[in-house]
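Contents: one structure, followed by commentary.
For the numbers below, each heavy atom of this structure counts, side chains included, while hydrogens, waters and symmetry mates do not. Predicted model only: the values in this text are computed from it and were never measured. Just so we're on the same page: letters track the sequence lines, and every chain starts at 1.
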Amino acid sequence: MSTANNVRVRFAPSPTGALHIGGVRTALFNWLFARHYHGKFILRIEDTDQTRSTGESIKIIVDGMKWLGLDWDEGPFRQTARMDIYRAYIDRLIKGGKAYYCYCTPDELEIRRKEALKAGKPPKYDRKCRALSAPVPGRIPAVRFLSTDEGQTIVRDLIRGAVTFENQQLDDLIIQRSDGFPTYNFAVVVDDVTMKISHVIRGDDHLNNTPRQIQLYQALGYDPPEFAHLPMILGADKTKLSKRHGATAVTEYIDLGYLPEALVNYLARLGWSHGDQEIFSSQELIENFSLDTVGKAPSVFNPEKLLWLNHYYIQQADHGRLAALVLDLLRKDGVVKTEPDIEWFKKLIAMLTERSHTLVEMKTGALPFIIDEITIDEKAKAKHLTADVAPLLRELADRLKPIEPFSHEEVEKVFTSLVNEKGIKLGKLAQPVRVALTGGTVSPGIFEVIAVMGKDKVIRRIVAAANLI
RNA sequence: GGUCCCAUCGUCUAGCGGCCUAGGACGCUGGCCUCUCACGCCGGAGACACGGGUUCGAUUCCCGUUGGGACCA
(Lines give C-alpha, C1' and ligand atoms only; values in the text may rest on other atoms or scores of the structure.)
Protein backbone atom coordinates (compact mmCIF):
# COMPACT_ATOMS: atom_id res chain seq x y z
CA MET A 1 0.00 0.00 0.00
CA SER A 2 2.84 2.36 -0.64
CA THR A 3 1.19 4.32 -3.40
CA ALA A 4 -2.34 4.39 -2.06
CA ASN A 5 -3.03 8.06 -2.62
CA ASN A 6 -6.76 7.43 -2.70
CA VAL A 7 -6.75 6.60 0.97
CA ARG A 8 -9.90 7.80 2.67
CA VAL A 9 -10.41 7.04 6.34
CA ARG A 10 -12.78 8.29 8.97
CA PHE A 11 -13.29 8.71 12.67
CA ALA A 12 -16.92 8.14 13.55
CA PRO A 13 -17.68 8.77 17.21
CA SER A 14 -21.10 8.78 18.82
CA PRO A 15 -21.77 12.12 20.49
CA THR A 16 -23.02 10.62 23.72
CA GLY A 17 -20.64 12.20 26.19
CA ALA A 18 -16.94 12.74 26.46
CA LEU A 19 -14.23 12.17 23.90
CA HIS A 20 -12.37 9.42 25.66
CA ILE A 21 -8.92 7.93 25.40
CA GLY A 22 -9.93 4.90 23.35
CA GLY A 23 -11.70 7.07 20.81
CA VAL A 24 -8.74 9.40 20.60
CA ARG A 25 -6.41 6.52 19.88
CA THR A 26 -8.70 5.34 17.08
CA ALA A 27 -8.91 8.87 15.72
CA LEU A 28 -5.14 9.25 15.96
CA PHE A 29 -4.37 6.05 14.07
CA ASN A 30 -6.82 7.02 11.33
CA TRP A 31 -5.32 10.46 11.16
CA LEU A 32 -1.75 9.13 11.02
CA PHE A 33 -2.73 6.66 8.32
CA ALA A 34 -4.36 9.38 6.25
CA ARG A 35 -1.45 11.78 6.63
CA HIS A 36 1.14 9.10 5.97
CA TYR A 37 -0.48 8.18 2.66
CA HIS A 38 -1.54 11.72 1.81
CA GLY A 39 -5.16 10.65 1.91
CA LYS A 40 -8.26 12.18 3.42
CA PHE A 41 -9.38 12.06 7.02
CA ILE A 42 -13.11 12.41 7.53
CA LEU A 43 -14.98 13.21 10.72
CA ARG A 44 -18.42 11.71 10.98
CA ILE A 45 -20.78 12.06 13.90
CA GLU A 46 -22.87 8.95 14.46
CA ASP A 47 -25.84 10.53 16.12
CA THR A 48 -28.70 8.28 15.10
CA ASP A 49 -29.22 7.33 18.71
CA GLN A 50 -31.40 10.35 19.36
CA THR A 51 -31.96 9.59 22.99
CA ARG A 52 -28.29 9.74 23.89
CA SER A 53 -26.78 12.14 21.37
CA THR A 54 -26.26 15.76 22.34
CA GLY A 55 -25.03 18.89 20.62
CA GLU A 56 -22.84 19.58 23.59
CA SER A 57 -21.08 16.28 23.04
CA ILE A 58 -20.44 17.12 19.39
CA LYS A 59 -18.75 20.30 20.53
CA ILE A 60 -16.64 18.34 23.00
CA ILE A 61 -15.50 16.00 20.24
CA VAL A 62 -14.73 18.80 17.79
CA ASP A 63 -12.88 20.85 20.41
CA GLY A 64 -10.96 17.81 21.60
CA MET A 65 -9.83 16.91 18.11
CA LYS A 66 -8.68 20.47 17.53
CA TRP A 67 -6.81 20.56 20.80
CA LEU A 68 -5.01 17.36 19.86
CA GLY A 69 -4.14 18.73 16.45
CA LEU A 70 -6.05 16.01 14.62
CA ASP A 71 -7.38 18.07 11.75
CA TRP A 72 -9.89 16.56 9.34
CA ASP A 73 -10.41 17.16 5.65
CA GLU A 74 -14.15 16.57 5.38
CA GLY A 75 -17.00 16.89 7.81
CA PRO A 76 -18.09 16.80 10.47
CA PHE A 77 -20.97 14.97 8.86
CA ARG A 78 -23.97 14.05 10.93
CA GLN A 79 -25.97 10.92 10.34
CA THR A 80 -29.19 12.62 11.32
CA ALA A 81 -28.73 14.84 8.27
CA ARG A 82 -28.53 11.79 6.06
CA MET A 83 -31.77 10.01 6.83
CA ASP A 84 -32.99 10.21 3.23
CA ILE A 85 -29.91 8.38 2.08
CA TYR A 86 -30.46 5.51 4.51
CA ARG A 87 -34.11 5.20 3.51
CA ALA A 88 -33.17 5.03 -0.14
CA TYR A 89 -30.77 2.20 0.54
CA ILE A 90 -33.33 0.40 2.71
CA ASP A 91 -35.82 0.61 -0.13
CA ARG A 92 -33.27 -0.74 -2.51
CA LEU A 93 -32.72 -3.79 -0.35
CA ILE A 94 -36.41 -4.40 0.15
CA LYS A 95 -37.15 -4.09 -3.55
CA GLY A 96 -34.29 -6.41 -4.30
CA GLY A 97 -35.69 -9.01 -1.92
CA LYS A 98 -32.69 -8.67 0.37
CA ALA A 99 -34.59 -7.19 3.27
CA TYR A 100 -38.06 -7.61 4.68
CA TYR A 101 -40.43 -6.05 7.17
CA CYS A 102 -40.60 -7.55 10.60
CA TYR A 103 -43.58 -6.98 12.86
CA CYS A 104 -42.40 -8.95 15.84
CA THR A 105 -42.33 -7.05 19.11
CA PRO A 106 -39.36 -7.17 21.46
CA ASP A 107 -41.44 -9.20 23.93
CA GLU A 108 -42.36 -11.79 21.33
CA LEU A 109 -38.77 -12.05 20.24
CA GLU A 110 -37.60 -12.51 23.78
CA ILE A 111 -40.06 -15.33 24.41
CA ARG A 112 -39.10 -17.19 21.26
CA ARG A 113 -35.45 -16.65 21.97
CA LYS A 114 -35.81 -18.27 25.34
CA GLU A 115 -37.75 -21.16 23.86
CA ALA A 116 -35.07 -21.74 21.28
CA LEU A 117 -32.45 -21.67 23.96
CA LYS A 118 -34.42 -24.18 26.01
CA ALA A 119 -34.71 -26.45 23.00
CA GLY A 120 -30.98 -26.28 22.63
CA LYS A 121 -31.10 -24.23 19.44
CA PRO A 122 -29.10 -21.07 18.75
CA PRO A 123 -31.16 -18.02 19.72
CA LYS A 124 -31.21 -16.39 16.33
CA TYR A 125 -34.22 -14.78 14.69
CA ASP A 126 -36.61 -17.41 13.32
CA ARG A 127 -37.61 -15.44 10.22
CA LYS A 128 -41.23 -15.62 11.15
CA CYS A 129 -42.06 -12.39 9.30
CA ARG A 130 -40.21 -13.28 6.16
CA ALA A 131 -43.15 -15.37 4.96
CA LEU A 132 -45.64 -12.61 5.61
CA SER A 133 -47.56 -11.56 2.53
CA ALA A 134 -49.43 -8.65 4.10
CA PRO A 135 -48.66 -6.11 6.84
CA VAL A 136 -49.77 -6.84 10.36
CA PRO A 137 -52.44 -4.27 11.21
CA GLY A 138 -51.73 -1.83 14.01
CA ARG A 139 -48.03 -2.44 14.08
CA ILE A 140 -45.15 -0.42 12.67
CA PRO A 141 -42.52 -2.74 11.29
CA ALA A 142 -38.79 -2.80 11.57
CA VAL A 143 -36.73 -3.86 8.58
CA ARG A 144 -34.52 -6.91 8.65
CA PHE A 145 -31.67 -7.82 6.40
CA LEU A 146 -31.96 -11.24 4.80
CA SER A 147 -28.56 -12.67 5.55
CA THR A 148 -26.82 -15.53 3.87
CA ASP A 149 -27.16 -18.88 5.61
CA GLU A 150 -24.54 -20.90 3.92
CA GLY A 151 -20.83 -20.67 3.66
CA GLN A 152 -18.50 -18.37 5.49
CA THR A 153 -17.68 -14.74 5.55
CA ILE A 154 -14.02 -14.00 5.81
CA VAL A 155 -12.82 -10.72 7.20
CA ARG A 156 -9.40 -9.96 5.76
CA ASP A 157 -8.10 -7.71 8.43
CA LEU A 158 -4.89 -5.74 7.98
CA ILE A 159 -3.96 -6.35 11.59
CA ARG A 160 -5.58 -9.71 12.40
CA GLY A 161 -5.20 -11.50 9.13
CA ALA A 162 -8.09 -13.62 7.84
CA VAL A 163 -10.85 -14.09 10.39
CA THR A 164 -13.51 -16.59 9.40
CA PHE A 165 -17.13 -16.51 10.50
CA GLU A 166 -19.75 -19.17 9.76
CA ASN A 167 -22.67 -17.49 8.06
CA GLN A 168 -25.18 -19.63 9.87
CA GLN A 169 -24.07 -17.95 13.07
CA LEU A 170 -25.31 -14.61 11.80
CA ASP A 171 -28.99 -13.89 11.94
CA ASP A 172 -31.17 -11.43 10.07
CA LEU A 173 -30.20 -8.23 11.76
CA ILE A 174 -32.51 -5.28 11.98
CA ILE A 175 -31.34 -2.51 9.69
CA GLN A 176 -34.14 -0.07 10.37
CA ARG A 177 -35.89 0.21 13.68
CA SER A 178 -39.61 0.68 13.92
CA ASP A 179 -39.02 4.34 14.71
CA GLY A 180 -37.56 4.73 11.24
CA PHE A 181 -33.95 5.17 12.29
CA PRO A 182 -31.31 2.98 10.71
CA THR A 183 -29.33 0.76 13.04
CA TYR A 184 -25.63 1.18 13.62
CA ASN A 185 -24.48 -1.67 11.41
CA PHE A 186 -26.51 -0.47 8.46
CA ALA A 187 -25.82 3.24 8.73
CA VAL A 188 -22.10 2.65 9.05
CA VAL A 189 -22.05 0.63 5.84
CA VAL A 190 -24.09 3.16 3.89
CA ASP A 191 -21.91 5.97 5.19
CA ASP A 192 -18.66 4.20 4.38
CA VAL A 193 -19.95 3.38 0.91
CA THR A 194 -21.18 6.85 0.09
CA MET A 195 -18.15 8.52 1.59
CA LYS A 196 -15.91 6.18 -0.39
CA ILE A 197 -14.00 5.07 2.67
CA SER A 198 -11.02 2.96 1.63
CA HIS A 199 -9.89 1.70 5.02
CA VAL A 200 -12.05 1.16 8.07
CA ILE A 201 -9.73 1.50 11.05
CA ARG A 202 -11.62 1.06 14.28
CA GLY A 203 -11.65 -0.65 17.65
CA ASP A 204 -11.48 -4.36 18.10
CA ASP A 205 -14.94 -4.31 19.64
CA HIS A 206 -16.35 -4.04 16.11
CA LEU A 207 -14.65 -7.12 14.73
CA ASN A 208 -17.71 -9.26 15.40
CA ASN A 209 -19.89 -6.78 13.51
CA THR A 210 -17.71 -6.92 10.45
CA PRO A 211 -19.00 -10.10 8.74
CA ARG A 212 -22.56 -8.83 8.73
CA GLN A 213 -21.36 -5.51 7.41
CA ILE A 214 -19.51 -7.30 4.65
CA GLN A 215 -22.74 -9.06 3.72
CA LEU A 216 -24.46 -5.71 3.57
CA TYR A 217 -21.80 -4.36 1.24
CA GLN A 218 -22.33 -7.35 -0.99
CA ALA A 219 -26.11 -7.08 -0.92
CA LEU A 220 -25.79 -3.42 -1.84
CA GLY A 221 -23.44 -4.31 -4.67
CA TYR A 222 -20.25 -2.75 -3.38
CA ASP A 223 -16.80 -4.04 -2.61
CA PRO A 224 -16.05 -3.86 1.10
CA PRO A 225 -13.23 -1.55 2.16
CA GLU A 226 -10.08 -2.75 3.84
CA PHE A 227 -10.49 -3.39 7.54
CA ALA A 228 -8.07 -2.89 10.39
CA HIS A 229 -9.22 -3.64 13.92
CA LEU A 230 -7.18 -2.00 16.63
CA PRO A 231 -6.68 -3.80 19.92
CA MET A 232 -8.51 -2.36 22.89
CA ILE A 233 -7.08 -0.11 25.55
CA LEU A 234 -7.56 -1.66 28.97
CA GLY A 235 -7.52 -0.34 32.49
CA ALA A 236 -5.16 -1.59 35.19
CA ASP A 237 -7.57 -4.45 35.90
CA LYS A 238 -7.37 -5.52 32.25
CA THR A 239 -10.94 -4.73 31.42
CA LYS A 240 -11.97 -2.26 28.76
CA LEU A 241 -10.89 1.23 29.79
CA SER A 242 -13.77 3.15 31.31
CA LYS A 243 -14.54 5.97 33.70
CA ARG A 244 -13.97 3.89 36.78
CA HIS A 245 -10.29 3.59 35.81
CA GLY A 246 -9.77 7.30 36.45
CA ALA A 247 -9.35 10.10 33.95
CA THR A 248 -10.40 8.86 30.53
CA ALA A 249 -11.76 11.99 28.87
CA VAL A 250 -9.66 14.43 26.90
CA THR A 251 -11.17 17.32 28.82
CA GLU A 252 -9.93 15.79 32.05
CA TYR A 253 -6.37 15.69 30.76
CA ILE A 254 -6.63 19.29 29.66
CA ASP A 255 -7.78 20.23 33.16
CA LEU A 256 -5.05 18.13 34.74
CA GLY A 257 -2.47 20.21 32.86
CA TYR A 258 -1.38 17.88 30.09
CA LEU A 259 0.04 19.00 26.77
CA PRO A 260 -1.61 17.58 23.64
CA GLU A 261 1.69 16.35 22.22
CA ALA A 262 2.23 14.23 25.34
CA LEU A 263 -1.14 12.56 24.98
CA VAL A 264 -0.63 12.04 21.26
CA ASN A 265 2.83 10.58 21.75
CA TYR A 266 1.65 8.32 24.54
CA LEU A 267 -1.38 7.03 22.68
CA ALA A 268 0.61 6.46 19.51
CA ARG A 269 2.93 4.15 21.43
CA LEU A 270 0.02 2.19 22.82
CA GLY A 271 -0.32 -0.70 20.40
CA TRP A 272 2.16 0.67 17.93
CA SER A 273 5.92 0.87 18.01
CA HIS A 274 8.90 1.82 15.93
CA GLY A 275 11.88 -0.07 17.29
CA ASP A 276 13.04 1.30 20.62
CA GLN A 277 11.94 4.85 19.98
CA GLU A 278 9.74 6.40 22.64
CA ILE A 279 9.63 10.07 21.74
CA PHE A 280 7.98 11.07 18.51
CA SER A 281 7.06 14.42 17.05
CA SER A 282 3.87 14.51 15.01
CA GLN A 283 5.99 14.59 11.90
CA GLU A 284 7.94 11.51 12.93
CA LEU A 285 4.70 9.76 13.76
CA ILE A 286 3.31 10.49 10.31
CA GLU A 287 6.48 9.40 8.60
CA ASN A 288 6.86 6.16 10.48
CA PHE A 289 3.30 5.10 11.05
CA SER A 290 2.20 1.83 9.52
CA LEU A 291 -0.55 -0.65 10.23
CA ASP A 292 2.10 -3.37 9.83
CA THR A 293 3.65 -2.41 13.13
CA VAL A 294 0.41 -2.24 15.08
CA GLY A 295 0.27 -5.01 17.65
CA LYS A 296 -2.55 -7.49 18.10
CA ALA A 297 -2.69 -7.65 21.86
CA PRO A 298 -4.69 -5.20 23.92
CA SER A 299 -2.69 -2.78 26.02
CA VAL A 300 -3.08 -1.43 29.51
CA PHE A 301 -3.26 2.31 29.91
CA ASN A 302 -0.39 3.50 32.08
CA PRO A 303 -0.93 7.01 33.47
CA GLU A 304 2.59 7.18 34.89
CA LYS A 305 4.23 6.88 31.55
CA LEU A 306 1.94 9.57 30.21
CA LEU A 307 3.02 11.77 33.10
CA TRP A 308 6.65 11.14 32.26
CA LEU A 309 6.03 12.16 28.65
CA ASN A 310 4.19 15.25 29.79
CA HIS A 311 7.21 16.22 31.87
CA TYR A 312 9.39 15.69 28.84
CA TYR A 313 7.22 17.86 26.60
CA ILE A 314 7.02 20.61 29.21
CA GLN A 315 10.83 20.75 29.11
CA GLN A 316 10.69 21.04 25.33
CA ALA A 317 7.90 23.56 25.16
CA ASP A 318 8.40 27.19 24.28
CA HIS A 319 8.36 29.34 27.43
CA GLY A 320 6.05 31.86 25.88
CA ARG A 321 3.51 29.15 25.19
CA LEU A 322 3.81 27.71 28.70
CA ALA A 323 3.55 31.19 30.18
CA ALA A 324 0.28 31.82 28.37
CA LEU A 325 -1.10 28.44 29.43
CA VAL A 326 -0.14 28.79 33.09
CA LEU A 327 -1.34 32.36 33.22
CA ASP A 328 -4.69 31.16 31.94
CA LEU A 329 -4.91 28.67 34.78
CA LEU A 330 -4.02 31.35 37.31
CA ARG A 331 -6.64 33.68 35.89
CA LYS A 332 -9.24 30.95 36.12
CA ASP A 333 -8.38 30.63 39.79
CA GLY A 334 -8.95 34.35 40.12
CA VAL A 335 -5.61 35.03 41.79
CA VAL A 336 -4.20 37.36 39.14
CA LYS A 337 -4.92 40.86 40.41
CA THR A 338 -2.63 42.78 38.09
CA GLU A 339 -1.37 41.26 34.87
CA PRO A 340 2.31 40.38 35.33
CA ASP A 341 4.99 41.54 32.93
CA ILE A 342 5.20 38.74 30.40
CA GLU A 343 8.98 38.74 30.16
CA TRP A 344 9.24 38.44 33.91
CA PHE A 345 6.61 35.72 33.91
CA LYS A 346 8.58 33.77 31.33
CA LYS A 347 11.57 33.85 33.69
CA LEU A 348 9.37 32.42 36.39
CA ILE A 349 8.18 29.71 34.00
CA ALA A 350 11.73 28.89 32.99
CA MET A 351 12.58 28.35 36.64
CA LEU A 352 9.56 26.13 37.22
CA THR A 353 9.64 23.80 34.18
CA GLU A 354 12.34 21.42 35.35
CA ARG A 355 10.42 20.14 38.35
CA SER A 356 6.95 20.26 36.82
CA HIS A 357 5.16 17.28 35.35
CA THR A 358 1.98 19.15 34.55
CA LEU A 359 0.81 22.69 33.94
CA VAL A 360 -1.13 22.45 37.16
CA GLU A 361 2.11 21.83 39.05
CA MET A 362 3.57 24.88 37.34
CA LYS A 363 0.59 26.91 38.37
CA THR A 364 1.00 25.84 41.98
CA GLY A 365 4.68 26.66 41.84
CA ALA A 366 3.98 30.09 40.37
CA LEU A 367 1.42 31.01 42.99
CA PRO A 368 3.76 32.48 45.66
CA PHE A 369 5.23 34.77 43.03
CA ILE A 370 1.86 36.07 41.92
CA ILE A 371 -0.13 36.60 45.04
CA ASP A 372 0.49 39.32 47.62
CA GLU A 373 0.04 37.44 50.86
CA ILE A 374 1.21 33.87 51.29
CA THR A 375 0.02 31.55 53.96
CA ILE A 376 2.81 29.70 55.70
CA ASP A 377 2.44 25.99 56.16
CA GLU A 378 2.22 25.23 59.89
CA LYS A 379 4.50 22.22 59.80
CA ALA A 380 7.11 24.11 57.81
CA LYS A 381 6.91 26.98 60.25
CA ALA A 382 7.34 24.74 63.27
CA LYS A 383 10.34 23.05 61.78
CA HIS A 384 12.21 25.92 60.18
CA LEU A 385 11.04 29.20 61.70
CA THR A 386 12.49 28.52 65.10
CA ALA A 387 13.45 31.16 67.65
CA ASP A 388 17.15 31.10 66.77
CA VAL A 389 16.59 32.00 63.12
CA ALA A 390 14.73 35.27 63.71
CA PRO A 391 17.91 37.34 64.13
CA LEU A 392 19.45 35.48 61.24
CA LEU A 393 16.56 36.44 58.97
CA ARG A 394 16.72 40.10 60.06
CA GLU A 395 20.43 40.18 59.43
CA LEU A 396 19.88 38.69 55.98
CA ALA A 397 17.18 41.22 55.15
CA ASP A 398 19.48 44.06 56.12
CA ARG A 399 22.29 42.76 53.98
CA LEU A 400 20.01 42.18 50.98
CA LYS A 401 18.60 45.70 50.96
CA PRO A 402 21.57 47.43 49.33
CA ILE A 403 22.21 44.66 46.79
CA GLU A 404 22.25 45.82 43.19
CA PRO A 405 21.69 44.15 40.81
CA PHE A 406 19.43 41.82 42.72
CA SER A 407 20.69 38.82 40.83
CA HIS A 408 21.26 35.14 41.55
CA GLU A 409 25.03 35.72 41.77
CA GLU A 410 24.93 38.77 44.05
CA VAL A 411 22.36 37.20 46.34
CA GLU A 412 24.43 34.06 46.60
CA LYS A 413 27.42 36.12 47.72
CA VAL A 414 25.38 37.58 50.57
CA PHE A 415 24.27 34.14 51.66
CA THR A 416 27.76 32.70 51.46
CA SER A 417 29.35 35.38 53.56
CA LEU A 418 26.59 35.33 56.16
CA VAL A 419 26.75 31.57 56.45
CA ASN A 420 30.53 31.65 56.74
CA GLU A 421 30.51 34.31 59.41
CA LYS A 422 27.98 32.43 61.50
CA GLY A 423 29.66 29.11 60.89
CA ILE A 424 26.44 27.40 59.84
CA LYS A 425 25.48 25.27 56.89
CA LEU A 426 23.71 26.85 53.98
CA GLY A 427 20.65 24.70 54.59
CA LYS A 428 20.24 26.21 58.02
CA LEU A 429 19.60 29.55 56.34
CA ALA A 430 18.11 28.49 53.02
CA GLN A 431 15.25 26.45 54.41
CA PRO A 432 13.86 29.16 56.71
CA VAL A 433 14.12 31.64 53.85
CA ARG A 434 12.34 29.21 51.57
CA VAL A 435 9.52 28.92 54.05
CA ALA A 436 9.41 32.67 54.47
CA LEU A 437 9.21 33.29 50.74
CA THR A 438 7.04 30.44 49.46
CA GLY A 439 5.22 29.29 52.56
CA GLY A 440 6.52 25.76 52.14
CA THR A 441 9.64 23.63 52.12
CA VAL A 442 9.71 22.81 48.43
CA SER A 443 10.76 25.18 45.70
CA PRO A 444 13.40 25.79 43.04
CA GLY A 445 16.87 26.83 44.15
CA ILE A 446 16.68 29.57 46.76
CA PHE A 447 18.85 32.08 44.86
CA GLU A 448 16.74 31.70 41.76
CA VAL A 449 13.60 32.12 43.79
CA ILE A 450 14.94 35.29 45.36
CA ALA A 451 16.13 36.76 42.09
CA VAL A 452 12.83 36.12 40.33
CA MET A 453 10.66 37.19 43.22
CA GLY A 454 12.32 40.60 43.39
CA LYS A 455 13.82 42.64 46.18
CA ASP A 456 10.67 44.23 47.60
CA LYS A 457 8.70 41.09 48.04
CA VAL A 458 11.69 39.11 49.28
CA ILE A 459 12.63 41.56 52.01
CA ARG A 460 9.05 42.10 53.03
CA ARG A 461 8.46 38.38 53.43
CA ILE A 462 11.71 37.70 55.25
CA VAL A 463 10.97 40.44 57.76
CA ALA A 464 7.37 39.27 58.10
CA ALA A 465 8.56 35.75 58.82
CA ALA A 466 11.03 37.00 61.40
CA ASN A 467 8.24 38.92 63.08
CA LEU A 468 6.12 35.80 63.17
CA ILE A 469 8.61 34.01 65.32
C1' G B 1 -23.47 -19.73 27.46
C1' G B 2 -22.29 -18.93 21.90
C1' U B 3 -18.91 -16.47 18.42
C1' C B 4 -14.35 -14.07 17.67
C1' C B 5 -9.69 -12.25 19.27
C1' C B 6 -5.22 -12.19 22.17
C1' A B 7 -0.65 -14.10 25.16
C1' U B 8 7.75 -11.35 26.10
C1' C B 9 9.72 -7.96 32.77
C1' G B 10 4.25 -4.93 37.31
C1' U B 11 3.10 -1.75 32.58
C1' C B 12 4.20 -0.13 27.21
C1' U B 13 7.15 -2.77 23.97
C1' A B 14 11.85 -4.69 20.57
C1' G B 15 12.35 -9.53 18.69
C1' C B 16 9.57 -11.47 12.36
C1' G B 17 14.56 -19.70 13.53
C1' G B 18 20.60 -19.23 15.23
C1' C B 19 22.88 -11.99 16.40
C1' C B 20 19.13 -13.56 23.03
C1' U B 21 23.69 -14.97 29.07
C1' A B 22 16.11 -11.85 25.63
C1' G B 23 17.10 -5.13 24.15
C1' G B 24 14.67 -0.22 25.25
C1' A B 25 11.02 2.86 28.03
C1' C B 26 7.71 3.90 32.42
C1' G B 27 7.52 2.42 37.35
C1' C B 28 10.40 0.29 41.50
C1' U B 29 15.22 0.33 43.76
C1' G B 30 20.90 1.42 45.36
C1' G B 31 24.34 5.42 44.68
C1' C B 32 26.10 10.29 42.92
C1' C B 33 24.69 15.50 42.61
C1' U B 34 22.56 18.91 46.49
C1' C B 35 20.02 24.81 50.16
C1' U B 36 14.50 21.62 50.04
C1' C B 37 11.82 18.88 46.37
C1' A B 38 12.60 17.54 41.81
C1' C B 39 15.60 17.12 37.40
C1' G B 40 19.96 14.82 35.72
C1' C B 41 23.81 10.97 35.78
C1' C B 42 25.63 5.89 37.05
C1' G B 43 24.15 0.94 38.74
C1' G B 44 20.36 -3.07 40.25
C1' A B 45 16.15 -6.36 40.59
C1' G B 46 12.51 -7.80 37.01
C1' A B 47 9.54 -11.47 31.43
C1' C B 48 9.51 -15.35 26.70
C1' A B 49 1.97 -18.78 30.57
C1' C B 50 2.18 -24.35 30.23
C1' G B 51 2.53 -29.02 27.41
C1' G B 52 3.34 -31.35 22.96
C1' G B 53 5.26 -31.30 18.14
C1' U B 54 8.29 -29.28 13.42
C1' U B 55 13.63 -28.34 13.06
C1' C B 56 20.52 -29.51 13.60
C1' G B 57 18.41 -25.33 16.48
C1' A B 58 12.82 -22.35 18.98
C1' U B 59 10.75 -16.25 22.32
C1' U B 60 10.13 -16.66 17.06
C1' C B 61 6.40 -21.91 13.04
C1' C B 62 2.08 -25.69 14.10
C1' C B 63 -1.40 -28.07 17.65
C1' G B 64 -3.50 -28.43 22.41
C1' U B 65 -4.18 -26.63 27.50
C1' U B 66 -4.59 -22.58 30.61
C1' G B 67 -5.44 -17.57 31.25
C1' G B 68 -7.32 -12.81 29.65
C1' G B 69 -10.43 -9.74 26.60
C1' A B 70 -14.35 -8.19 23.18
C1' C B 71 -19.02 -8.89 20.95
C1' C B 72 -23.83 -11.16 21.05
C1' A B 73 -27.31 -13.04 24.29
*Shoot me the first and last contacting nucleotide of RNA chain B against chain A, ordered 5' to 3', at under 4.0 angstrom to non-hydrogen atoms.*
B:G2 to B:A73

*asked:* Please classify the nucleic acid contact of A:Thr441 as base, sugar-phosphate, or nothing, using heavy-atom distances under 4.0 Å.
replied: base

*Rounding to the closest angstrom, what is the interatomic distance between B:G31 and B:A45 at atom P?*
16 Å

_Pair partner, B:G43 [Watson-Crick or wobble, under 3.5 Å]_ = B:U29

*asked:* I'd like the C1' distance from B:A58 over to B:C19, given in whole Å.
replied: 15 Å

*Would you please name every residue forming a ring-ring contact (aromatic ring centres under 6.0 Å, His included) with A:Tyr86, sequence neighbours left out?*
none

_P-based separation of B:G43 from B:C56 [nearest Å]_ = 42 Å

*Determine the contact category for A:Leu207: base if any of its heavy atoms lies under 4.0 Å from a base atom, sugar-phosphate if only primed atoms, P, OP1 or OP2 are that close, otherwise nothing.*
sugar-phosphate

*How would you list, by chain and number, every residue that makes a ring-ring contact (aromatic ring centres under 6.0 Å, His included) with A:His384, sequence neighbours excluded?*
none

*Do A:Arg25 and A:Phe29 meet the cation-pi criteria used here (NZ or CZ under 6.0 Å from the six-membered ring centre, within 45° of the axis)?*
yes

*Assign A:Thr353 to base, sugar-phosphate, or nothing according to its heavy-atom contacts below 4.0 angstrom with the strands shown.*
nothing

*How far does the C1' atom of B:A7 sit from the matching atom of B:G15, given to the nearest Å?*
15 Å

*Return yes when atom CG of A:Asp318 has more than 12 non-hydrogen atoms of other residues, nucleotides or ligands closer than 6.0 Å, and no otherwise.*
yes

*Take atom C1' in B:C5 and the same atom in B:C9, then report the distance between them in whole Å.*
24 Å

*Say you pick atom P in B:U59 and the same atom in B:A49; how far apart are they, in whole Å?*
10 Å

*Which value, in whole Å, describes the distance between the P atoms of nucleotides B:C42 and B:C50?*
34 Å

*Describe the nucleic acid contact of A:His311 in one word from base, sugar-phosphate, nothing, applying a heavy-atom distance below 4.0 Å.*
sugar-phosphate

*asked:* By the 4.0 Å heavy-atom rule, please label A:Ser443 as base, sugar-phosphate, or nothing.
replied: base

*Reckon A:Lys428 touches a base, only the sugar-phosphate, or nothing at all at heavy-atom distances under 4.0 Å?*
nothing

_Taking B:A22 as the reference, what is the distance to B:G10 when you measure between their P atoms (whole Å, please)?_
15 Å

*asked:* Counting the atoms with a prime plus P, OP1 and OP2 as sugar-phosphate, which does A:Phe447 contact under 4.0 Å by heavy atoms, base, sugar-phosphate, or nothing?
replied: base

_Most 5' of A:Phe301 and A:Lys238 on RNA chain B, judged by nearest nucleotide_ = A:Phe301

_All side-chain hydrogen bond (donor to acceptor under 3.5 Å, both in side chains) counterparts of A:Asp372, not counting sequence neighbours_ = none

*With a 4.0 Å cut-off on heavy atoms, is A:Pro231 in touch with a base, just the backbone sugar-phosphate, or nothing at all?*
nothing

*Flag the pair A:Lys128 and A:Asp172 as a salt bridge only when some basic side-chain nitrogen lies within less than 4.0 angstrom of an acidic carboxylate oxygen.*
no

_Pick the closest RNA chain B nucleotide for A:Trp272 and for A:Gly427 by heavy atoms, then say which residue is nearer the 5' end._
A:Trp272

*Using the test ring-ring contact (aromatic ring centres under 6.0 Å, His included), find all partners of A:Phe11 that sit at least two apart in sequence or belong to another chain.*
none

*Nucleotide paired to B:G57 in any strand shown, Watson-Crick or G-U, under 3.5 Å*: none

_Looking at B:A7, which nucleotide sits across from it as a Watson-Crick or G-U wobble partner, both distances under 3.5 angstrom, or is there none?_
B:U66

_Applying a 4.0 Å non-hydrogen cut-off, can you work out what A:Glu304 is touching in the nucleic acid: base, sugar-phosphate, or nothing?_
sugar-phosphate

_Qualifying residues under ring-ring contact (aromatic ring centres under 6.0 Å, His included), relative to A:Phe369, sequence neighbours excluded_ = none

_Classify A:Thr239 by what it touches in the nucleic acid, base, sugar-phosphate, or nothing, heavy-atom distance under 4.0 Å._
sugar-phosphate

*Sugar-phosphate only, base, or nothing, as touched by A:Leu270 at under 4.0 Å among non-hydrogen atoms*: sugar-phosphate

*asked:* Need the pair for B:G17. Rule: Watson-Crick or G-U wobble, both distances under 3.5 Å, any strand; none if unpaired.
replied: none

*Considering every strand shown, what is the Watson-Crick or G-U wobble mate of B:C72 when both distances are under 3.5 Å?*
B:G1

*Touch class at under 4.0 angstrom, heavy-atom based, for A:Gly271 against every strand present*: sugar-phosphate

*What does A:Arg434 touch in the nucleic acid at a heavy-atom separation under 4.0 angstrom: a base, only the sugar-phosphate, or nothing?*
base

*First locate atom NZ of A:Lys379, then atom NZ of A:Lys383, and finally report the distance between them rounded to the nearest 0.5 Å.*
10.0 Å

